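Quick caveat: nothing in here was measured; it's all calculated off a predicted structure. Only this structure's heavy atoms are used, side chains among them; waters, hydrogens and symmetry mates stay out. Labels below follow one simple rule: chain letters A, B, ... track the order of the sequence lines, proteins then strands, and each chain is numbered from 1.
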Amino acid sequence: MYYLDANRLIPFQKCDLHRLEEGPPVTTVLTREDGLRYYRMMQTVRRMELKADQLYKQKIIRGFCHLCDGQEACCVGLEAGINPTDHLITAYRAHGFTFTRGLSVREILAELTGRRGGCAKGKGGSMHMYAKNFYGGNGIVGAQVPLGAGIALACKYNGKDEVCLTLYGDGAANQGQIFEAYNMAALWKLPCIFICENNRYGMGTSVERAAASTDYYKRGDFIPGLRVDGMDVLCVREATKFAAAHCRAGKGPILMELQTYRYHGHSMSDPGVSYRTREEIQEVRSKSDPIMLLKDRMVNNDLASVEELKEIDVEVRKEIEDAAQFATADPEPPLEELGYHIYSSDPPFEVRGANQWIKFKSIS
Amino acid sequence: SAAIPQPASSFLGIKGTRGPAPTCASHSFEQQFSSVAQRGPKCNQAALRAAPRAEWTRREAGLGGTCLLELQRHSLRTGGRDPGGRRRVELWTPGARQAPGGVAIRWGGGAWEGLDDGAIRLCRGHPGKRPGRWRPPGGLAVARWCYAASWASAAGEVRVWLMGLLGGLSAVQLVGDGFTTRSGYGILMPSLSPTMEEGNIVKWLKKEGEAVSAGDALCEIETDKAVVTLDANDDGILAKIVVEEGSKNIRLGSLIGLLVEEGEDWKHVEIPKDVGPPPPVSKPSVPPPLPGPQVSTPVKKGHAPGKLQFRLSPAARNILEKHALDASQGTATGPRGIFTKEDALKLVQLKQMGKITESRPTPVAPPTPAQPSPPQAAATPAYPRPLIPPVSTPGQPNVAGTFTEIPASNIRRVIAKRLTESKSTVPHAYATTDCDVGAVLKVRQSLVRDDIKVSVNDFIIKAAAVTLQQMPVVNVSWDGEGPKQLPFIDISVAVATDKGLITPIIKNAAAKGIQEIADSVKVLSKKARDGKLLPEEYQGGSFSISNLGMFGIDEFTAVINPPQACILAVGRFRPVLKLTQDEEGNARLQQYQLITVTMSSDSRVVNDELATRFLESFKANLENPIRLA
């Protein structure tokens, strides 16, 4: 039996620093409760993504579907390091973040299948999921970074001691507007944490072929940065806490590079093995799988038993199956609602359709 | 205590071989189990070993369906007594995994449902019941329901405690010391490209019994575009390959293999029979459809296993929608039962003839269980298609701004092809002359008085034939390299029919008399209009004549019918006044009946000079009908 308040001091990898004298601590206390929670969340994200893969292959989910299995430690670790009142904005690989920011798996899967029970009423799809203090779900590569800087400006303006996490990928890191956002954030000392999720491949291009400097944490130049092992949830959590403290102290923006990996291809139409070998994927799976790492840590430190974790697995599986069942069986939104919910609080009006003779009713 | 009654046939739906009735035959329940019960589950292995073994078979129905544990042979352990004093029996299955969605245990024709809160009910039948009814001694009706005290699964174990409502007459009689489970996760045929409906399995990269870890390649599937590898998502052992490599055209969603968890017996996995895409629970809470035309949604091909009432082609759907018709009022004649555009048009015609009334198609019936595609789950009110710009419907009178498609018949297509070929490859040369048909008309009138009906055209045919006889140089055809002399004089006469222009042939026209020619022309024309011409009656010929005089055409040029060399285009005869000198030398206006003939000739074989000479002779022959004899 394990004591609920059991905790252990766990060491993990040191982070590389850029323009910082000291970085996050190399050890942290992991309580059993926290550990189980992280495990459960990561397992939920993993199974949810695999279920989305399955449903996509059965043509129940159509359209775009970018999966983040392998990157669970990033979403769970980031969430563990911030408060629910802090803000988060990311790109299209957003299902994990949607879950950690508070939406249920049911809503997410139903949105993917395009049904009424979805978080955007089935009208949005994979790249259109929003939650409280979670700004999606953005399709254009790198477009969310200036938006994130803007959210940080709002945080500073409102004076509520909130930070904004702005995520982008290694492919987007070479986009121009990101550097513009760096400049403004640093100039006005905005509480913005820029986070680059480096999964080594921008669609199909490896970072060596895409970037002149693959040290993404140094790309902020005048913005201090740290490089974090993105497969270790504790490392991510501590780094996030450190970065949030940095921002909340008014020292301005900070950059974090999370070195992580995705097992699936870029999206469901990408098999994922044409630009990298299966052996590489298997190697990462066997050596640095985030769920496996946490599990080993907890078991080795006597924080939980293997059976207990297996039980969590089983429960999570059941939950996901239920959610998938719901998502498949829910009816689609009715066609009259095609024009609804364009504005949030306007009186009803008529909106033009594909040509000037088609009119839809729009109710907020 | 009374002897435990034994059912005549196997107990608890035992299938397969079973040894002789175990020691429980002559012992009471208490006698049999007391020692075990007292000492607890893990004891008395010897006694338990003698009992028949049970095996669970687990079948899973598709994604997230309920898992069925079928009790093939049984093995139970007693779990002592619960606090209420009721006997408990453990069905212990090491290595089993709680299936998501609950577990149903079926035995002897009954089914047990695993509920979330742990209670298990026997829904139908009851333990021990195999074909005949089993009545306990004393005529007590055994409860149909057996209530399970609790249900737990942890670390791969599934424990079910069963109890009878009336005493301990339930499954308690089974003894065993454990189960082996066979279970399997179905691998369904995935859609590996957006347009894929079915695929072929090229090769299995894992063998039965081989361990599979997450991310490993399982098999190669050939989609409509390329050969793609299917990866496994979970760890396990490939238990069974349901569809062998080399199989073609496997539908999306059908079972291709079975995966079991590590540590399970993969050798005896049972293939689930009712596997397929998961049955969606049809929610009845569809909002009432608008009173607009509802159309049966067209289904993409091949969403097996379910089959829909109607498969409409998109054009058919559009037409039906426009006219507010229902597809069930017509018959589907397309391949594989598709309701095609032609069927829709027929329906529209019937409607216009008043034979069928407009009807709103009834909402689609609730789906059969195995329907994966969402569109069929509810009858969605169809949004009326915008009609601007107006949609054209073939066969309908043109609405302003539309066009009508007239499908080309075969004849027209052939004509089109041949004419194009002729006009583009054959160098046409044209020569025109006016002929005076006054004499012909006089002869014709005299023949008419004798009740012989001939027309001017027949004279023209005869004249042409005679001229050809006189000038065999013109009776040639181009055989690819040079003029080929034709031994026969066959005149093709152009006849206009509904289907197109066709040229029946008058064979050996030079030898035939006018009357004979007239009769042949009449017969052949009639046959042509009826479409009953034999091939030899219109294929061949050495010279063509086309007469548009009866339509009022003065003059026109015709296109040569290859491989012929010439064609004569005859206009109408028209009265023309000419100044002539009469016997006394006075100028006088005289009326002539002139006919304009234009000969198109193939300059490769009949050059201008030949054509001129031909026309000269032709004119002379026509103007003096005596020569035609």
Side-chain angles (χ1 to χ4, degrees), chain A residues 46-47 49-51 53-60 62-63 69-70 113-116 263-264 268-269 271-273 278 281-282 284-286 289 305-308 310-311 314-326 328-332 334-336 338 353-358 360, chain B residues 62-65 97-102 116 153-157 188-194 196-197 213-217 226 228-231 233-234 252-253 277-287 289-290 300 303 372-375 377-378 380-389:
Chain A
R46 170 70 62 94
R47 291 246 65 90
E49 297 296 79
L50 292 180
K51 179 54 71 179
D53 172 78
Q54 246 185 341
L55 290 177
Y56 195 95
K57 291 200 168 129
Q58 299 306 319
K59 282 197 171 180
I60 298 174
R62 313 293 296 270
D69 56 328
T113 53
R115 310 302 167 94
R116 242 178 265 184
Y263 299 145
H264 268 89
M268 283 308 299
S269 41
V273 287
R278 259 181 222 283
I281 308 175
Q282 294 293 50
V284 175
R285 245 191 227 271
S286 52
D289 184 65
S305 70
V306 177
E307 289 79 22
E308 211 176 343
K310 273 220 177 107
E311 223 170 277
V314 165
E315 279 169 22
V316 162
R317 254 187 223 252
K318 181 166 187 318
E319 186 193 330
I320 303 288
E321 287 291 345
D322 284 341
Q325 185 81 301
F326 169 75
T328 323
D330 208 28
E332 289 180 346
L335 224 37
E336 302 81 65
L338 192 59
N355 62 52
Q356 67 213 82
W357 294 278
I358 304 178
F360 298 117
Chain B
L63 298 168
R97 185 181 51 200
Q98 182 184 23
D116 286 358
S153 89
E157 286 179 9
L188 304 177
M189 185 72 169
S191 157
L192 294 165
S193 94
M196 182 177 163
E197 303 282 348
S213 45
D216 273 356
V228 184
T229 323
L230 174 64
D231 289 340
N233 269 338
D234 285 318
L252 206 58
V281 174
S282 39
K283 297 260 163 93
S285 58
V286 175
L290 292 183
K300 289 183 279 278
H303 260 301
S373 46
T380 51
Y383 193 83
R385 237 168 236 240
L387 290 177
I388 295 155

Chemist: Below 4.5 Å from any heavy atom of chain B, which atoms of A:Ile281 appear? Answer side chain, backbone, both or neither.
Modeler: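 Answer is neither: A:Ile281 stays 4.5 Å or more from chain B.
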Chemist: Excluding sequence neighbours, so at least two apart, what forms side chain to side chain contact (heavy atoms under 4.5 Å, CB included) with B:Ser213?
Modeler: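 With neighbours one apart ignored, the set is A:Gln282, B:Asp216, B:Asp235.
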Chemist: If I compare all heavy atoms of A:Lys57 with all of B:Leu252, which pair ends up nearest, and what's the gap?
Modeler: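 Looking at all heavy atoms of both residues, the closest pair is O-CD1, 4.2 Å.
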Chemist: To the nearest 0.5 Å, what is the distance between CG (B:Leu188) and CD (A:Gln58)?
Modeler: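 Here the interatomic distance stands at 5.0 Å.
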Chemist: Going through the checks in order, is the side chain to side chain contact (heavy atoms under 4.5 Å, CB included) test met by B:Asn233 and A:Asp53?
Modeler: CA-CA 9 Å; B:Asn233 269 338; A:Asp53 172 78; 3.0 Å; yes
Chemist: Between B:Asp231 and A:Arg278, is the side chain to side chain contact (heavy atoms under 4.5 Å, CB included) condition met? List the steps.
Modeler: CA-CA 10 Å; B:Asp231 289 340; A:Arg278 259 181 222 283; 2.5 Å; yes
Chemist: Hey, which of A:Glu319, A:Arg47, A:His264, A:Met268 has the most heavy atom pairs under 4.5 Å with chain B?
Modeler: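 Between A:Glu319, A:Arg47, A:His264, A:Met268, the count favours A:Arg47.
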Chemist: Report the residues that fulfil side chain to side chain donor-acceptor pair (under 3.5 Å) with A:Arg46, sequence neighbours left out, ordered by chain and then residue number.
Modeler: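 Side chain to side chain donor-acceptor pair (under 3.5 Å) list for A:Arg46, sorted by chain: A:Glu72, A:Asp289.
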